[in-house]
Amino acid sequence: MREEDVELIDWARRAMRHAFAEYSGFPVGAAVRTARGKVYTGANVEISSFGLSLCAERVALFKAYSEGERDIEALAVAGLTDEPISPCGACRQVIWELAPSARILLVNRDASKTAEFAPRDLLPDGFSLNRRPPGIRERE
Ligand code: THU
């Protein structure tokens with residue numbers, strides 16, 4: 001693996017320490033690297049009304065986008081799972097839209113196992129406003 005990817009995974013693992021996972025007890029860390037080499041980190045933040053919580057991936061991507069970044073080269077996600085963590089469905093949609101050409105690097109609890117995916121592998125045939133799922137007809 002490239003040195004910069006190893007570093008990005010490290011950023012994600014360190015970001016996990018800032019998780020606010022009071023309800024699930026399941027901390028997650030994420031880090032994105034932009035084309036110009038800047039890193040933005042994220043961790044999951046939970047709210048007592050659970051649906052308001054945000055995953056680590058979305059926090060990292062929204063931090064980057066809200067600072068004006070658009071060109072996301074890689075996203076690393078770290079969790080305390082035995083196997084590399086698997087992003088939730090909501091995050092797959094967000095990754096697909098905000099980081100369509102990023103390499104997605106997933107790691108397990110001690111980073112002994114890594115998996116790499118493209119956004120389209122995580123979300124085949126994802127939703128977008130100008131691309132309806134097959135079978136949905138245009139309104140006449
Ligand atoms: N979570 C993430 O932050 N990222 C993932 O890829 C999987 C799930 C969070 C959401 C919630 O705060 C906790 O993990 C348990 O689901």
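Positions are given from 1 along the sequence. Counting convention: from 1, in listed order, for ligands and their atoms alike.
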Could you walk me through whether Leu105 and Arg103 satisfy the side-chain contact (heavy atoms from CB on, under 4.5 Å) test, starting with their C-alpha distance in whole Å, then the side-chain angles of each, then the deciding distance to 0.1 Å, before giving a yes or no? CA-CA 6 Å; Leu105 307 164; Arg103 291 167 40 246; 4.2 Å; yes

The single option from Ile9, Val107, Ile85 passing side-chain contact (heavy atoms from CB on, under 4.5 Å) against Val77: Ile85

Partner of Leu8 by side-chain contact (heavy atoms from CB on, under 4.5 Å), out of Glu73, Arg13, Arg33: Arg33

Counting only heavy atoms, which portion of Ser53 has something under 4.0 Å from ligand 1: side chain, backbone, both, or neither? neither

For ligand 1, which atoms sit closer than 4.0 Å to a heavy atom of [X]?
| X | answer |
| --- | --- |
| Ser86 | 6 (O) |
| Phe26 | 13 (C), 14 (O), 15 (C) |
| Ser24 | 13 (C), 15 (C) |
| Glu57 | 2 (C), 3 (O), 4 (N), 5 (C), 6 (O) |
| Glu46 | 11 (C), 12 (O), 13 (C) |

Among non-hydrogen protein atoms, atom 9 (C) of ligand 1 lies closest to Asn44 ND2, 3.5 Å

Could you find the nearest protein heavy atom to atom 8 (C) of ligand 1 and give me its residue, atom name and distance? Cys55 SG, 4.2 Å

Can you find an N/O atom of Ala56 closer than 3.5 Å to an N/O atom of ligand 1? yes

Which ring pair (Phe, Tyr, Trp, His ring centres under 6.0 Å) pairs, counting each pair once, include a residue from residues 27-58, with sequence neighbours left out? Tyr23-Phe50

Looking only at atom types and distance, does a side-chain atom of Thr34 sit under 3.5 Å from a main-chain N or O of Ile72, one as donor and one as acceptor? no

Does the side chain of His18 reach to within under 4.5 Å of the side chain of Val45, using non-hydrogen atoms? no

For atom 2 (C) of ligand 1, state which one of Ile85, Val28, Leu106 supplies the nearest heavy atom. Val28

Rounded to the nearest 0.5 Å, what's the gap from CG on Asp125 to CZ on Arg120? Could you check? 13.0 Å

Does ligand 1 have an atom that lies less than 4.0 angstrom from a heavy atom of Ala21? no

Could you tell me whether atom 4 (N) of ligand 1 has a protein heavy atom closer than 4.0 Å? yes

Quick one: side chain to side chain donor-acceptor pair (under 3.5 Å) pairs with a partner in residues 83-95, sequence neighbours left out? Glu83-Lys113, Ser86-Arg92, Gln93-Glu97

